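One structure follows; several queries about it will come next.
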Amino acid sequence: MSKEKPSIPKGTRDFGPATVVKRNYIFGVIKRTFEKFGYLPLETPAMEQLSVLTGKYGDEGDQLIFKILNSGDFLAKTKPEDIEEGYKHLTRKISEKALRYDLTVPFARYVVMNRNEISFPFKRYQIQPVWRADRPQKGRYREFYQCDADVVGTNSLLCEAEIVQMINEVLTTLGLSDFTIKINHRGVLAGIAEAIGEKGREGDICVAIDKLDKIGQEGVRKELLERGISEGAVQKLEPLYTLEGNNEQILDQLQALLGDTDEGQRGLKDLREVWQYLKSLDSQALSAQNLSEQSRLLLDVTLARGLSYYTGCIFEVKVNNVSMGSISGGGRYDNLTGMFGLPGVSGVGFSFGVDRIYDVLEELGLFPSSSQVGTKALIVQFDKASERYGLPVLQKLRDAGIASELYPEAAKLKKQMGYADQKNIPYVILIGSEEMATGKLKLRNMEQGEQQDLTVEEIISTLK
RNA sequence: GUGGUUGUAGCUCAGUCGGUUAGAGCACCAGAUUGUGAUUCUGGGGGUCGUGGGUUCGAGCCCCAUCUUCCACCCCA
């Protein structure tokens, strides 16, 4: 092998300065909103014990966890028989750590480890990358950021209502107006399964009906039958796809259908309570009208979500009229900490997918110019004398809060001007012998190509 | 994990049936212009054709493997 061309792993990306600036704008909006609702920041390690992560995301999820090979002689404890027992067995022998798959499970782990120091309800937000050994696709990366907000230690459905409020606030602040917050409840799904005579089969039913908008009613029917749901049950299920009316009317219809199932009862009661809270909060999610949906908050009985730890309300957010999957999702999990030996702590949370939001804002041209930062003025120098003269000027500009730089060498003017041009610096200040003599510096406006002779103070007041 | 797709200059892409020295635009560098960028003109540098094998007198082009890209599925932010 001769010179090796450098590369980065599949599904990962470098972020150039322009991209980071825009991403930070999104992070900023999300952070400010979370903090406004009383959530505090938390960070956890990039890697967790493998045992903390396995079994929390289902079999599919376990396969997508990036495992970290034990350091040193990772084969020291293995025997030839271990290989024959298959990769799952072998994995436990050679890997004890893994990259985090999401932020919710590490959060639950943190809560359990710090249960005595935390006062409940505990509200935290967390913005960090997560890793999935998935095959990359549009909007799907192997390393991506999640922005989670969770609250544990209360069953109150005010939390669910506030999640709706936060989603609405973040997305509208980012300039999005046509999006749908879908909400459903695991209890409703369980109640449906029971009401159609397939109690306990909601898992299979969910996976199938979740695809309704993609593969259509016939496709779902086929998949349900393949999964062993009876013909009669499928027929009873199908009227649910096309429930008519607004959210409250749908709730009433569901009441009639599932009212006598315990789980259905529980789900509907929760959902009604969420609506009640949102009404009292005068929520925009109830009042705002979308272009493409009748309501921004939409009760959708076909929303299922894969993660197996959800037990109550579940959410998913879709921006309408863009080619992008969901940009946010979450739900209530009653027993996540129970897996780590702390039962009886209910939690609810959700997550924004920044990478997807970025792509959506880019597609819709919604990044404001104010989200661009950069140098405002470049001081051009001709020689040592002008550099010496320029240094205090530079400091004065910075003291005045003006982002500025002095070109660090007496390069050709063409080169220095070109530098300003390329970095999109709007003003250039020229300090030559004439300027030093008069104290009037040349301020050149790079967009208009005009320049005027001004004192440092005049320049500062112009640029401020 | 399954099926397909992509890779040629820093970037976007041409490249005929397998045939001599692989091209263009943009970008970059230098000069025209010793105190003025973006515009104009002139010149210049830059390629192991993703990588490794194979077929052939001869491969950017055909075959195999591998990596990467994008897409569909599974699943998901």
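Fair warning: this is a prediction, and the values are worked out from it, not measured in the lab. The figures that follow rest on heavy atoms only: side chains count, while hydrogens, waters and symmetry mates do not. We name chains A, B, ... by the order of the sequence lines, and we start the count at 1 in each one.
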Should A:Asp355 and A:Arg23 count as an ion pair when the cut-off is N to O under 4.0 Å? yes

Looking for any heavy atom pair under 4.0 Å, which part of the strands does A:Ser433 touch: base, sugar-phosphate only, or nothing?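 Base contact.
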
Distance between the C1' atoms of B:rU5 and B:rA72, in whole angstroms?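 Taking atom C1' in both B:rU5 and B:rA72, they lie 11 Å apart.
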
Watson-Crick or G-U counterpart of B:rG35, or none if no pair lies under 3.5 Å: none

Looking only at side chains, do A:Asn184 and A:Tyr310 share a donor and an acceptor under 3.5 Å apart?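 Per modelled atom types, A:Asn184 and A:Tyr310 side chains form no pair under 3.5 Å.
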
When the nearest nucleotide of RNA chain B is assigned to A:Asp134 and to A:Gln63 on a heavy-atom basis, which residue is associated with the more 5' position?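 So the residue in question is A:Gln63.
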
Both distances below 3.5 Å, Watson-Crick or wobble geometry, any strand: find the nucleotide opposite B:rC28. B:rG44

Using a distance-only criterion (donor-acceptor N/O pair, under 3.5 Å, no hydrogens), is the base of B:rG35 paired with the side chain of A:Arg444? no

Look at the rings of A:Phe350 and A:Phe34 and say which category their plane angle falls in: under 30° parallel, 30 to 60° tilted, over 60° perpendicular.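 Ring orientation, 0 to 90° scale: perpendicular.
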
Among B:rU68, B:rC74, B:rA38, the one nearest A:Lys10 by side-chain distance: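 Of B:rU68, B:rC74, B:rA38, B:rU68 is nearest to the side chain of A:Lys10.
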
Show your reasoning for whether side-chain hydrogen bond (donor to acceptor under 3.5 Å, both in side chains) applies to A:Glu35 and A:Tyr125. CA-CA 8 Å; A:Glu35 286 174 7; A:Tyr125 75 85; 2.5 Å; yes

Please state the P separation for the pair B:rU20 and B:rC49 - nearest whole angstrom.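 Each nucleotide's P atom is 15 Å from the other's.
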
Would you please confirm or rule out a distance under 4.0 Å between OP1 or OP2 of B:rU36 and any side-chain N or O of A:Lys414? no

Looking only at side-chain atoms of A:Tyr141, point me to the closest of B:rA77, B:rG31, B:rU36.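 Looking only at heavy atoms from C-beta outward on A:Tyr141, the closest nucleotide is B:rA77.
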
Applying a 4.0 Å non-hydrogen cut-off, can you work out what A:Val428 is touching in the nucleic acid: base, sugar-phosphate, or nothing?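 No contact.
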
Residue-phosphate contact under 4.0 Å: A:Gln422 side-chain N/O, B:rC28 OP1/OP2: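 Checking B:rC28 against A:Gln422, a side-chain N or O does come within under 4.0 Å of OP1 or OP2.
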
Below 4.0 Å: OP1/OP2 of B:rC76 and any side-chain N or O of A:Lys138: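 Result: no.
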
What about A:Gln451, does its side chain sit under 3.5 Å from the base of B:rU36 through a donor-acceptor pair?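 Check passes, donor-acceptor contact within cut-off.
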
Contact list for residues 411-464 of chain A, test ring-ring contact (aromatic ring centres under 6.0 Å, His included), sequence neighbours left out: A:Tyr407-A:Tyr419

Decide yes or no, distance alone: a donor-acceptor N/O pair under 3.5 angstrom between the base of B:rC75 and the side-chain of A:Arg140. yes

Do A:Arg135 side-chain and B:rU2 base share a donor-acceptor contact under 3.5 Å?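 Pair found.
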
From the list B:rA77, B:rG35, B:rA38, which nucleotide is the closest neighbour of the side chain of A:Glu434?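 From the listed options, B:rG35 comes nearest.
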
Pair of N/O donor and acceptor under 3.5 Å linking B:rG35 base with A:Glu435 side chain: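 Present.
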
